[in-house]
Amino acid sequence: MSGTVLYRKWRPADFDEVVGQEPVVRTLRNAVAQDKISHAYLFCGPRGTGKTTTARILARAINGRTASTGATALGESDDLGFDLVEIDAASNRGIDDIRELRERANYRPGSARFKVYLIDEVHQLTGPAADALLKTLEEPPPHVVFILATTDPEALKPTILSRCQRFDFRRVSVDDMVGRLRAIAESEGIEIPDEALRIIAREATGSLRDGVNLLDQVWVMCGSSVTLEAAQEALGLSPDARAMELASAALRGELAEGLAVLSAVQEDAIDFGRFKKQVVEHLRHVLLSLTGAAGTLSLSAPEIERLDEVSKGIEASAAVTALREFSQADVRRDPYQPLPLELALASVVYGPPVVETPAPQVETAQQGGQQRQTRPQQRPDGQRRQGQRREQQQTRNLPDRTTASPEPARSTERQPERATGQQLLDRLLGTLMRRDKVLAAALRDGCQEARTSDEGLVLEFAPNREGHMKRCQDSLPQLAKVAEEVLKRPVQVVCVLGSQTDAPKSDGAPAPAGNEAAKPGRSRIAEEASRRFGARPYQSN
């Protein structure tokens with residue numbers, strides 16, 4: 001065995017050895033061949049998919065290329081020295097580090113054609129450091145090429161993304177990874193079946209570096225001759241047989257058989273987190289098989305045969321239910337406690353528990369006031385409250401409603417209008433306080449009512465608040481903007497003076513001239529302004 005770990009020993013040295021990234025490799029190879037080198041590249045994708053390795057290959061390719069041959073790569077022995085600078089942004093993330101980079105970028109390369117800066121995990125740069133890097137990307141020296149690598153491109157500034165050629169690295173498929181692992185195993189003299197390589201590839205979840213590391217781990221534990229069972233034991237995986245047995249018991253509603261499987265797994269002290277993962281994977285395979293999508297699975301012949309046997313006679317709806325229940329089972333609190341999986345199995349067999357929803361209670365006239373007092377946030381608007389009062393009146397005494405005097409009905413209808421007006425005034429004051437506190441104070445202390453119509457907004461001021469009204473009249477454009485923002489439509493704002501009948505008479509003074517015919521609760525001037533918004537009813541003496 002070699003003293004070097006496999007993933008470093010078998011790191012690709014040229015574009016031909018990069019696995020699973022054909023679109024990226026083809027584009028970069030053509031760019032080098034046509035001498036269309038960009039000043040900045042962005043390599044993004046999951047970990048272990050070859051971003052840093054491809055960046056190093058590109059750095060050697062653009063410097064090892066000749067105009068006559070168009071060679072696109074150099075061997076691992078061709079070292080660029082100081083002309084390839086690798087920076088780990090996770091540990092060199094400050095603005096001082098980027099300032100130093102900008103200063104070094106001004107120097108021309110020593111022996112190569114380009115000076116290449118490879119910044120790994122670039123999304124971890126601080127905000128000021130990212131701004132400093134952006135300035136360099138906007139106006140780079142002609143002899144500098146930047147290659148940025150990241151696993152989180154969404155964390156980068158859009159201005160940085162727009163100045164780079166972006167290449168998205170995808171996860172390596174199981175088949176591609178098995179082919180690469182097979183080549184490495186044969187070169188190292190490792191005898192391992194394809195079923196074991198597939199288990200390693202699936203466990204790597206698309207990361208080729210993780211797959212090579214897992215192969216190295218299995219090699220160290222099992223030696224040069226690896227069996228399927230030995231690979232499962234080395235990776236700490238539960239046997240597929242018992243996971244498939246539990247999946248089959250759940251799909252067929254066999255509660256006793258499923259509980260027996262879970263009891264046997266607990267006795268062997270197997271981590272239920274890994275076991276649950278295997279069960280969910282089998283249930284997913286069953287669902288895909290039942291829906292005709294089994295061709296998307298990378299399974300061996302024995303696994304497909306076992307899958308067909310389990311899926312026979314099962315409906316897709318049962319597979320969906322089982323998959324949902326087992327995937328939601330939380331075994332993180334105690335990975336050696338089977339209770340979450342037992343409950344999931346019981347829910348599949350007996351169905352989920354039925355939660356009875358209580359019927360909505362009918363609000364009586366006596367309960368209505370108490371509910372509105374205890375839960376003011378659920379009070380209906382003025383129109384709904386008015387309808388409720390009418391229903392209560394009908395329930396209480398229908399003949400009284402037909403013989404009632406018009407005055408109580410008018411007072412009942414005005415109450416929600418005043419409440420709505422007060423809410424509107426509060427919203428106006430809340431918005432105005434953020435812009436002009438002096439004007440907001442004048443409106444708050446002087447205005448006693450706010451009313452709206454199809455055309456505009458009437459602000460009625462108390463009779464003894466002429467100075468406050470004058471202050472608001474001088475700022476009608478600003479009030480109109482605030483009203484438009486609150487009401488979500490263009491409006492005209494009119495300030496009017498209320499009548500003495502709207503305010504308590506403490507000194508017995510007569511009402512001002514011109515208001516003799518005012519209606520109770522609304523002045524003649526206010527009524528006129530509601531009909532004619534183009535006029536300004538009040539003129540200061």
Side-chain angles (χ1 to χ4, degrees), residues 5 7-8 11-12 18-21 23-25 27-28 37-63 79-107 109 114-141 143-172 204-214:
V5 293
Y7 87 90
R8 294 186 59 187
R11 182 189 296 270
V18 177
V19 177
Q21 311 299 337
V24 175
V25 170
T27 305
L28 295 178
I37 308 301
S38 176
H39 71 282
Y41 295 91
L42 175 64
F43 292 171
C44 50
R47 59 182 176 82
T49 52
K51 299 183 298 296
T52 304
T53 297
T54 305
R56 293 174 179 174
I57 295 174
L58 177 61
R60 293 196 303 271
I62 62 178
N63 284 295
D79 190 2
L80 294 177
F82 294 102
D83 294 332
L84 173 60
V85 181
E86 296 189 27
I87 300 174
D88 180 16
S91 55
N92 302 279
R93 58 195 305 262
I95 188 173
D96 293 335
D97 300 306
I98 301 302
R99 285 174 177 170
E100 181 181 357
L101 182 150
R102 293 176 57 182
E103 293 177 359
R104 295 171 59 182
N106 292 324
Y107 296 98
F114 292 99
K115 196 176 187 68
V116 181
Y117 287 90
L118 171 56
I119 306 179
D120 201 5
E121 299 298 334
V122 67
H123 65 275
Q124 297 200 30
L125 290 177
T126 62
D131 293 336
L133 176 63
L134 174 62
K135 184 61 178 177
T136 305
L137 294 178
E138 289 176 343
E139 301 175 358
H143 57 272
V144 172
V145 173
F146 288 96
I147 305 178
L148 313 180
T150 178
T151 56
D152 188 8
E154 303 302 327
L156 293 176
K157 293 178 177 293
T159 48
I160 292 180
L161 295 174
S162 64
R163 286 165 173 82
C164 301
Q165 285 191 9
R166 175 169 173 169
F167 293 88
D168 289 284
F169 285 69
R170 61 192 181 188
R171 293 186 180 274
V172 181
T205 63
S207 173
L208 183 57
R209 182 177 62 231
D210 290 353
V212 177
N213 270 332
L214 291 176

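Note that the numbering runs from 1 along the sequence shown for the chain.
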Item to complete: Give a yes or no answer on whether the side chain of T49 reaches the backbone of G45 with a donor-acceptor pair at less than 3.5 Å.
Response: no

Worksheet item: Does D168 pair with R166 as a salt bridge, N-O distance under 4.0 Å?
Response: yes

Item to complete: Flag the pair D120 / T150 as yes when at least one side-chain heavy-atom distance between them is below 4.5 Å, and no otherwise.
Response: no

Discussion item. With a 4.0 Å cut-off on N to O distance, would you call R93 and E121 a salt bridge?
Written reply: no

Discussion item. Determine whether a donor-acceptor pair (N or O, by modelled atom type, separation under 3.5 Å) exists between the side chain of H143 and the backbone of Y107.
Written reply: yes

Worksheet entry | Side-chain donor or acceptor of N63 paired with backbone N/O of F114 under 3.5 Å | yes

Worksheet item: Is there a donor-acceptor contact under 3.5 Å from the side chain of N92 to the main chain of A89?
Response: no

Discussion item. Run the side-chain contact (heavy atoms from CB on, under 4.5 Å) test against T205 and tell me which residues pass, sequence neighbours left out.
Written reply: R171

Worksheet item: With sequence neighbours left out, what residues match Y7 under ring-ring contact (aromatic ring centres under 6.0 Å, His included)?
Response: none

Worksheet item: If only atom types and distance count, is the side chain of S162 paired as donor or acceptor with the main-chain N or O of T159 below 3.5 Å?
Response: yes

Worksheet item: Taking atom types as modelled, is there a side-chain donor on T151 or R47 under 3.5 Å from an acceptor on the other?
Response: no

Fill in: Within the 6.0 Å centroid threshold, strictly below: Y41 and F146
no

